[in-house]
K.L.:
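The structure under discussion is supplied below as structure tokens; questions concerning it will follow.
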Number of protein chains: 4
Amino acid sequence: MFEQRTLSRRERERLIHRQEILDAALELFAQKGFYNVTMKEIAERAEFAVGTLYKFFQSKQHLYKSLILERTIHFHNTLINVLDEEMDDPLEQIEKFIMTKMGLLGKHIAIIRLYFTEIYRVNPTIKADLEAELTRMRREFRTKLSALMERAINAGLIRRSDPMHMAMALDGLMKGFVFGYLEESFGKDPSEIDYEKLEKLFAEDYAKTVREVFFKGALASTAA
Amino acid sequence: MFEQRTLSRRERERLIHRQEILDAALELFAQKGFYNVTMKEIAERAEFAVGTLYKFFQSKQHLYKSLILERTIHFHNTLINVLDEEMDDPLEQIEKFIMTKMGLLGKHIAIIRLYFTEIYRVNPTIKADLEAELTRMRREFRTKLSALMERAINAGLIRRSDPMHMAMALDGLMKGFVFGYLEESFGKDPSEIDYEKLEKLFAEDYAKTVREVFFKGALASTAA
Amino acid sequence: MFEQRTLSRRERERLIHRQEILDAALELFAQKGFYNVTMKEIAERAEFAVGTLYKFFQSKQHLYKSLILERTIHFHNTLINVLDEEMDDPLEQIEKFIMTKMGLLGKHIAIIRLYFTEIYRVNPTIKADLEAELTRMRREFRTKLSALMERAINAGLIRRSDPMHMAMALDGLMKGFVFGYLEESFGKDPSEIDYEKLEKLFAEDYAKTVREVFFKGALASTAA
Amino acid sequence: MFEQRTLSRRERERLIHRQEILDAALELFAQKGFYNVTMKEIAERAEFAVGTLYKFFQSKQHLYKSLILERTIHFHNTLINVLDEEMDDPLEQIEKFIMTKMGLLGKHIAIIRLYFTEIYRVNPTIKADLEAELTRMRREFRTKLSALMERAINAGLIRRSDPMHMAMALDGLMKGFVFGYLEESFGKDPSEIDYEKLEKLFAEDYAKTVREVFFKGALASTAA
DNA sequence: AATGAATGAGGGTTCATTCAT
DNA sequence: CATGAATGAACCCTCATTCAT
């Protein structure tokens with residue numbers, strides 16, 4: 001009966017190995033980009049032979065797809081959980097959303113950079129698959145963030161405005177910090193990046209600015 | 001200015017051919033990414049032979065570097081011109097800056113996407129070269145936008161705050177719309193994109209939201 | 001003969017398993033050729049794991065060698081038995097030989113095709129082994145068929161001629177039908193071949209033509 | 001006007017190079033089989049770089065297809081020319097056909113062996129293409145040889161019989177000698193084969209036996 | 001004996017770059 | 001300058017074989 005829940009040793013090991021490969025791939029892809037990483041390199045970092053990679057993933061592109069998808073889903077679910085919470089105060093929920101997302105962004109810069117380095121001319125089936133899934137997630141996200149804005153507007157907490165535009169503005173503001181950071185980091189040696197500091201930067205400094213600008217705007221008069 | 005006259009026909013033609021190659025390369029790179037475009041393809045679209053490309057650019061990477069750099073410089077100069085103008089009203093200048101940048105973003109999505117699809121493991125010399133130049137421009141830009149913010153703060157037009165943070169917030173807000181758009185466009189066939197509509201979208205709708213949110217913020221109370 | 005009794009259950013099972021592997025291999029090799037069949041495929045069809053195949057055969061090439069050899073020996077022995085029979089009428093014996101061989105050919109097209117799709121660059125030892133054995137059999141076969149022809153010639157039943165040439169002609173005539181058939185079947189999906197019909201075709205129609213042409217020739221005058 | 005007939009130097013060189021590649025490939029394939037020859041080997045023997053091979057042929061399989069097809073067409077056309085001649089004496093024409101085919105067989109053993117070493121699991125489009133062409137040729141050949149037999153039968157020169165069976169018997173008899181030879185040659189080192197002697201063997205000895213057996217049959221009585 | 005995950009050498013193919021014309 | 005055929009290093013992927021369980 002409960003064997004269904006309990007994976008066999010074999011199966012458990014397989015999953016661990018799969019994760020090890022994905023972890024190695026993420027590090028390398030994020031550092032050097034999809035086309036500058038060889039399967040051999042991934043294998044070496046994951047401490048397997050090339051052939052083993054192909055036991056887990058049909059091709060380099062499938063590996064990439066799995067990587068993007070699995071990490072994105074985690075990211076997505078965390079945010080959707082916040083948006084799905086039933087909180088009485090929409091502003092508080094928006095704040096929580098900001099804090100959560102900024103925390104994630106600072107922690108997962110690697111996968112975000114990867115996410116924006118699409119592989120065109122990818123096997124069409126893979127691309128379609130990946131896109132379908134991502135589109136579904138983006139739509140859900142947009143809808144729910146927009147709904148939260150609408151709740152805030154209807155509660156008179158946020159200015160009358162198109163809730164979707166507000167959602168885009170808030171999300172764009174946060175994304176903007178990520179790309180500002182990525183731009184800055186182009187020149188840096190990836191091994192020199194202080195990930196702890198980075199996380200803190202996003203979770204504290206950047207998050208604070210996002211909240212202030214988003215809520216209060218920049219004008220002095222509005223602060224009055 | 002007047003150097004144009006001193007160019008011989010030969011030299012003028014050379015420059016035109018160079019531009020044709022860069023234009024062809026930009027279209028292809030933006031559509032398919034650096035690694036999915038071959039020198040042969042670029043040559044064909046530019047209506048030259050492969051060998052000819054190498055008369056103008058040492059390597060594919062040098063071509064890419066020139067492309068990024070020249071387009072970025074144009075982009076950069078346009079914005080710097082706005083920031084360098086001596087206007088009496090800082091808010092008006094910020095507004096002009098927003099309108100100008102949003103106009104540029106909508107018009108040059110291709111090169112922006114390319115700019116963020118870096119080529120790592122690029123020949124180190126090239127990378128260093130490119131980075132040095134880009135860093136110089138970014139620094140200049142940040143400094144000048146920050147200075148504008150400071151002028152606005154000192155004039156009591158914008159809330160007391162770190163001018164650099166304000167600069168990052170404004171710029172991030174605009175960048176955020178670009179990446180929101182890019183994310184949306186992943187699934188689309190590049191040939192189906194309506195560039196006129198896109199330009200208008202950025203110059204009008206998105207620009208409006210940027211201005212509203214940046215200046216007034218989202219809170220209902222602040223609008224009072 | 002009686003060794004069969006002395007085999008332990010273990011040993012008997014081993015032999016059965018070995019046969020199952022060889023059967024699976026023959027089907028696959030005949031269908032797709034040596035280089036298009038993987039050990040994994042053979043293992044799956046034989047319902048064993050890959051590792052098990054290596055308990056029975058040192059390598060893929062050894063497996064192939066065993067397959068060719070064992071099947072060829074069966075084929076060979078059947079024909080030799082006919083040639084070794086002590087029959088009074090050489091013509092009758094030739095007829096029996098034709099019928100037997102045509103029956104075998106129609107029944108074992110698969111192994112024949114395989115036999116002609118040699119693996120060159122095979123491990124030299126294997127090749128030498130296989131060749132030595134095959135050469136021995138071919139020599140025995142040729143000698144005995146030739147002897148039969150000689151008996152027929154000496155009995156005045158067959159035209160004075162080189163017995164070896166007559167042997168080659170008869171055997172060639174039969175082989176010719178096989179390759180005529182193989183040529184025809186290239187375009188066909190192997191799963192669509194009607195093996196029963198094929199067997200009948202060889203045993204009846206083709207065999208009849210072989211007998212007529214071999215014995216009587218084509219000329220009208222000779223039939224008179 | 002006549003430029004159409006006159007190939008440019010470039011084009012002429014291209015054709016020569018193409019032929020050199022096909023020649024190198026034939027030698028190697030015939031010696032070692034499709035799967036035991038690497039593109040690198042072919043390139044080396046043809047004195048080109050691997051990349052160059054791909055300028056002429058899309059893939060190894062396309063190269064193989066071109067090889068088979070072009071050589072087969074030559075072979076085919078030579079025979080069809082004989083069958084299409086308008087000769088008064090059908091028997092004379094059959095004799096000429098035998099001599100021509102035996103001459104070709106002895107001269108082109110390599111391509112024949114290759115022709116029977118099909119590549120299954122070949123790209124389906126290639127296979128279909130190749131098969132369609134081969135089937136068309138086989139059909140034409142069979143029809144024309146059969147028609148010749150019919151003419152001979154109607155002229156009372158050959159026994160009343162199914163012309164198609166007679167055609168198959170004659171062709172099979174000749175093919176049989178080829179496979180008899182191939183079987184014999186398995187064990188030999190390909191470099192040791194005396195091609196001149198081989199050609200003579202087919203054109204003289206074997207051809208003589210074919211004619212005798214096919215026309216007169218083996219029976220002593222028929223020779224009377 | 002049986003299993004099947006792991007190995008890694010080897011082959012097909014691509015494409016940036018060169019160079020003779 | 002312009003051309004494009006030729007080059008060959010490098011990469012993705014396959015699959016025969018091994019070995020710990």
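Chain A is the first sequence line, chain B the second, and so forth, proteins listed ahead of strands; every chain is numbered from 1. Any value given below was found using the heavy atoms of this structure, including those in side chains, with hydrogens, waters and symmetry copies removed.
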K.L.:
Of the options A:Phe34, A:Tyr115, A:Tyr35, which is the one that meets A:Phe29 in a ring-ring contact (aromatic ring centres under 6.0 Å, His included)?
P.N.:
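The residue from A:Phe34, A:Tyr115, A:Tyr35 that satisfies ring-ring contact (aromatic ring centres under 6.0 Å, His included) with A:Phe29 turns out to be A:Phe34.
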K.L.:
For C:Ile42 and C:Val37, which heavy atoms make the closest approach, and how far apart are they?
P.N.:
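The pair with the smallest heavy-atom distance is CG1-CG1, 3.6 Å.
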K.L.:
What is the distance, to the nearest angstrom, from the CD1 atom on B:Ile42 to the P atom on E:dC15?
P.N.:
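The distance from CD1 of B:Ile42 to P of E:dC15 comes to 12 Å, rounded to the nearest Å.
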K.L.:
Where each residue is assigned the nucleotide of DNA chain E containing its nearest heavy atom, which of B:Gln58 and D:Lys60 is assigned the position nearer the 5′ end?
P.N.:
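Going by which nucleotide is closer to the 5' end, it is D:Lys60.
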K.L.:
Just checking B:Lys55: base, sugar-phosphate only, or nothing, at a heavy-atom cut-off of under 4.0 Å?
P.N.:
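Since a base atom lies under 4.0 Å of B:Lys55, the category is base.
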K.L.:
Ignoring hydrogens and angles, tell me if any N or O in the side chain of D:Glu133 forms a donor-acceptor pair with the backbone of D:Leu130 under 3.5 Å.
P.N.:
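Judged by distance alone, no pair lies under 3.5 Å.
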K.L.:
A:Glu13 has an atom CD; how far is it from atom C1' of E:dT3, in whole Å?
P.N.:
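These atoms are roughly 14 Å apart.
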K.L.:
Atom CD1 of B:Ile21 and atom C1' of F:dT3: how far apart are they, to the nearest Å?
P.N.:
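Rounding to the nearest Å, CD1 of B:Ile21 and C1' of F:dT3 are 13 Å apart.
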K.L.:
Where the side chain of D:His17 is defined as all heavy atoms beyond and including C-beta, which of F:dT17, E:dT17, F:dA6 is the nearest nucleotide?
P.N.:
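Closest of the options to the side chain of D:His17: F:dA6.
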K.L.:
From CD of D:Glu41 over to P of E:dT13, roughly how many Å is that when rounded to an integer?
P.N.:
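So the CD-P distance, D:Glu41 to E:dT13, works out to 15 Å.
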K.L.:
Please list, in numerical order, the residues of residues 44-53 of chain D that have a heavy atom closer than 4.0 Å to any atom of DNA chain E.
P.N.:
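Contacting residues: D:Val50, D:Gly51.
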K.L.:
Just the rounded figure in Å: distance from C1' of E:dT14 to CZ of D:Phe57.
P.N.:
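D:Phe57 atom CZ is separated from E:dT14 atom C1' by 18 Å.
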K.L.:
Rounded to whole angstrom units, what separation is found between the CG atom of C:Leu63 and the C1' atom of F:dC15?
P.N.:
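Spelled out: CG on C:Leu63 to C1' on F:dC15 is 15 Å.
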K.L.:
A side-chain contact here means heavy atoms from C-beta on lying under 4.5 Å apart; do B:Lys55 and B:His17 qualify?
P.N.:
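B:Lys55 vs B:His17: side chains apart.
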K.L.:
For A:Phe57, check ring-ring contact (aromatic ring centres under 6.0 Å, His included) against everything at least two apart and list the hits.
P.N.:
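Applying ring-ring contact (aromatic ring centres under 6.0 Å, His included) to A:Phe57 gives none.
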K.L.:
What is the distance, to the nearest angstrom, from the NZ atom on B:Lys32 to the P atom on E:dT14?
P.N.:
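These atoms are roughly 14 Å apart.
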K.L.:
Mind running side-chain contact (heavy atoms from CB on, under 4.5 Å) on C:Asp129 and C:Leu69 for me, showing each step along the way?
P.N.:
CA-CA 10 Å; C:Asp129 251 40; C:Leu69 215 49; over 6 Å; no
K.L.:
Wobble G-U and Watson-Crick pairs count when both distances are under 3.5 Å; given that, what is the 5' to 3' dot-bracket string of DNA chain F, with | for pairing to other strands?
P.N.:
.||||||||||||||||||||
K.L.:
Above 12 or not: heavy atoms from other molecules or residues under 6.0 Å from CD of A:Glu13?
P.N.:
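Result for CD/A:Glu13: enclosed.
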K.L.:
Atom CD1 in B:Ile126, atom NZ in B:Lys65: separation rounded to 0.5 Å?
P.N.:
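Nearest 0.5 Å value for the CD1-NZ distance: 6.5 Å.
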K.L.:
From C:Ile111 CD1 over to C:Arg71 CZ, what is the distance, rounded to the nearest 0.5 angstrom?
P.N.:
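Atom-to-atom, C:Ile111:CD1 and C:Arg71:CZ are 6.0 Å apart.
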K.L.:
Between E:dA20 atom P and B:Tyr54 atom OH, what is the distance in whole Å?
P.N.:
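Taking atom P of E:dA20 as the reference, OH of B:Tyr54 is at 17 Å.
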K.L.:
What's the closest nucleotide to the C:Phe56 side chain, out of F:dC11, F:dC13, E:dA2?
P.N.:
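Output: E:dA2.
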